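Below you'll find the structure, written out as structure tokens, and then a few comments.
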Amino acid sequence: MNYVYDIILNFQDNYYNFFEWKKEDKIRNIPKISLYRVSDKDMLILKNNKVKVSQDFIDKIKEDNKKYKKILCLVSNAKIAIGLLFDTNGNLKKRSSLIFEEEDEVIERVQHLKITQIEYEENIMANEEDDNKLRIEKEKKDTITNYITNTNDTLTLKYLYYEYFEKEISDISTIKTTLLKELSKEWNIKQKNLYDIVDLLTKSKQ
């Protein structure tokens, strides 16, 4: 069995590149973790899709990492490498990119390994458009969405609507629905300005 030692991982629900990590993330140092080589196809699936792997693969990971209660491993197609965290039923729960130096080390080490075949009980293709968005964009949209959804401040909602569309409207339900619909569109300067206002309003109430 092949292992990688003293590696830094940052498990999140979605895959984020190392440069998108944040200081408040729960970054962990893993003393020892098993490494498997996978095909290019499997790498794309494991990186992006909602999947449930076979019990055979879960049993293999558990056997190779007996010291850990959690089911985690590294996979690489000799081009990129990612960390994976599964539950006991085989559902892929979290993913982690690697810092550049450690990813290079893993890629070099995996070159001479045989490809591990992975069987899937569930494989649902991810929303590619959503996957291409950077983390900061997702989080800013979430911030705006949560604020608009939860606030009942009529004057503030009218102000946000006017700033975005440069016209006035009175119906609060329409304001909320219209603004939230705009957030489903590609990130743009108007959304950025909306975030700046919401961020300022939020900080002023803290």
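Given the structure is predicted, the values throughout are model-derived calculations rather than measurements. As a basis for the values below, the full set of heavy atoms in this structure was taken, side chains included, without hydrogen atoms, waters or symmetry mates.
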Taking all atoms of both residues into account, what is the closest heavy-atom pair of [X] and [Y], and its distance?
X	Y	value
Ala81	Val106	CB-CG1, 3.7 Å
Val75	Met43	O-CE, 3.6 Å
Leu72	Ser34	O-OG, 4.2 Å
Asn49	Ile124	CB-O, 3.2 Å
Asn14	Lys138	ND2-NZ, 4.2 Å
Glu20	Ile136	OE1-N, 4.4 Å

List the residues meeting ring-ring contact (aromatic ring centres under 6.0 Å, His included) with [X], not counting sequence neighbours, and say none if there are none.
X	result
Tyr36	Phe57
Tyr68	none
Phe100	Phe18
Tyr120	none

State the [atom1]-[atom2] distance between [X] and [Y], to the nearest 0.5 angstrom.
X	Y	atom1	atom2	answer
Tyr161	Glu168	OH	CD	11.0 Å
Ile33	Asn65	CD1	CG	6.5 Å
Ile27	Gln12	CD1	CD	9.0 Å
Glu122	Leu92	CD	CG	11.0 Å
Thr177	Ile148	OG1	CD1	10.5 Å
Leu9	Ile30	CG	CD1	5.5 Å

Any salt bridge between [X] and [Y], counting N to O under 4.0 Å?
X	Y	answer
Lys140	Glu137	no
Lys22	Glu139	yes
Lys60	Asp56	no

message = Run the side-chain contact (heavy atoms from CB on, under 4.5 Å) test against Ile107 and tell me which residues pass, sequence neighbours left out.
response =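 In terms of side-chain contact (heavy atoms from CB on, under 4.5 Å), with neighbours along the sequence ignored, Ile107 is linked to Ser76, Glu103, Gln111.
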request  = Return the set of residues passing side-chain contact (heavy atoms from CB on, under 4.5 Å) with Arg37 (not counting sequence neighbours), or none when no residue passes.
outcome  =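 If we apply the side-chain contact (heavy atoms from CB on, under 4.5 Å) test to Arg37, skipping adjacent residues, the hits are Ala78, Val110, Leu113, Ile115.
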task = Please list, chain by chain and in numerical order, all residues satisfying side chain to side chain donor-acceptor pair (under 3.5 Å) with Thr174, sequence neighbours excluded.
result = Asp171
task = Taking side chain to side chain donor-acceptor pair (under 3.5 Å) as the test, write out the residues that go with Asn146, two or more places apart.
result = none
key: Residue of the set Ile175, Leu179, Ile197 for which side chain to side chain contact (heavy atoms under 4.5 Å, CB included) holds with Tyr164   = Leu179
Quick check: does any side chain N or O of [X] sit under 3.5 Å from a backbone N or O of [Y], one acting as donor and the other as acceptor?
X	Y	value
Tyr3	Asp64	yes
Thr151	Tyr147	no
Lys176	Thr149	yes
Asn188	Glu186	yes
Ser97	Tyr16	yes

key: Full working for side-chain contact (heavy atoms from CB on, under 4.5 Å) between Leu98 and Leu74   = CA-CA 10 Å; Leu98 280 65; Leu74 294 177; 4.2 Å; yes
message = Counting only heavy atoms not in Glu163 (residues, nucleotides, ligands), do more than 12 fall under 6.0 Å from its CD?
response = yes
request  = Apply side-chain contact (heavy atoms from CB on, under 4.5 Å) to Thr88 and Ile58, showing your working.
outcome  = CA-CA 7 Å; Thr88 55; Ile58 292 298; 6.0 Å; no
message = Run the salt bridge (charged side-chain N to carboxylate O under 4.0 Å, His left out) test against Asp104 and tell me which residues pass, sequence neighbours left out.
response =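 Result, salt bridge (charged side-chain N to carboxylate O under 4.0 Å, His left out) vs Asp104: none returned.
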key: Asp199: partners by salt bridge (charged side-chain N to carboxylate O under 4.0 Å, His left out), with sequence neighbours left out   = Lys203
task = Begin with the C-alpha distance, continue with both residues' side-chain angles, and end with the deciding distance and a verdict on salt bridge (charged side-chain N to carboxylate O under 4.0 Å, His left out) for Asp196 and Lys192.
result = CA-CA 6 Å; Asp196 291 339; Lys192 179 186 179 301; 3.1 Å; yes
request  = Show which residues join Leu155 in its hydrophobic cluster (side-chain heavy-atom contacts under 4.5 Å, direct or indirect), or state none.
outcome  = none
key: Audit row: Trp187, Ile189, side-chain contact (heavy atoms from CB on, under 4.5 Å) steps and yes/no   = CA-CA 7 Å; Trp187 186 254; Ile189 188 64; over 6 Å; no
key: Any pair counted as salt bridge (Lys or Arg N to Asp or Glu O under 4.0 Å), so long as it reaches residues 75-102, sequence neighbours left out   = Asp13-Lys94, Asp40-Lys79
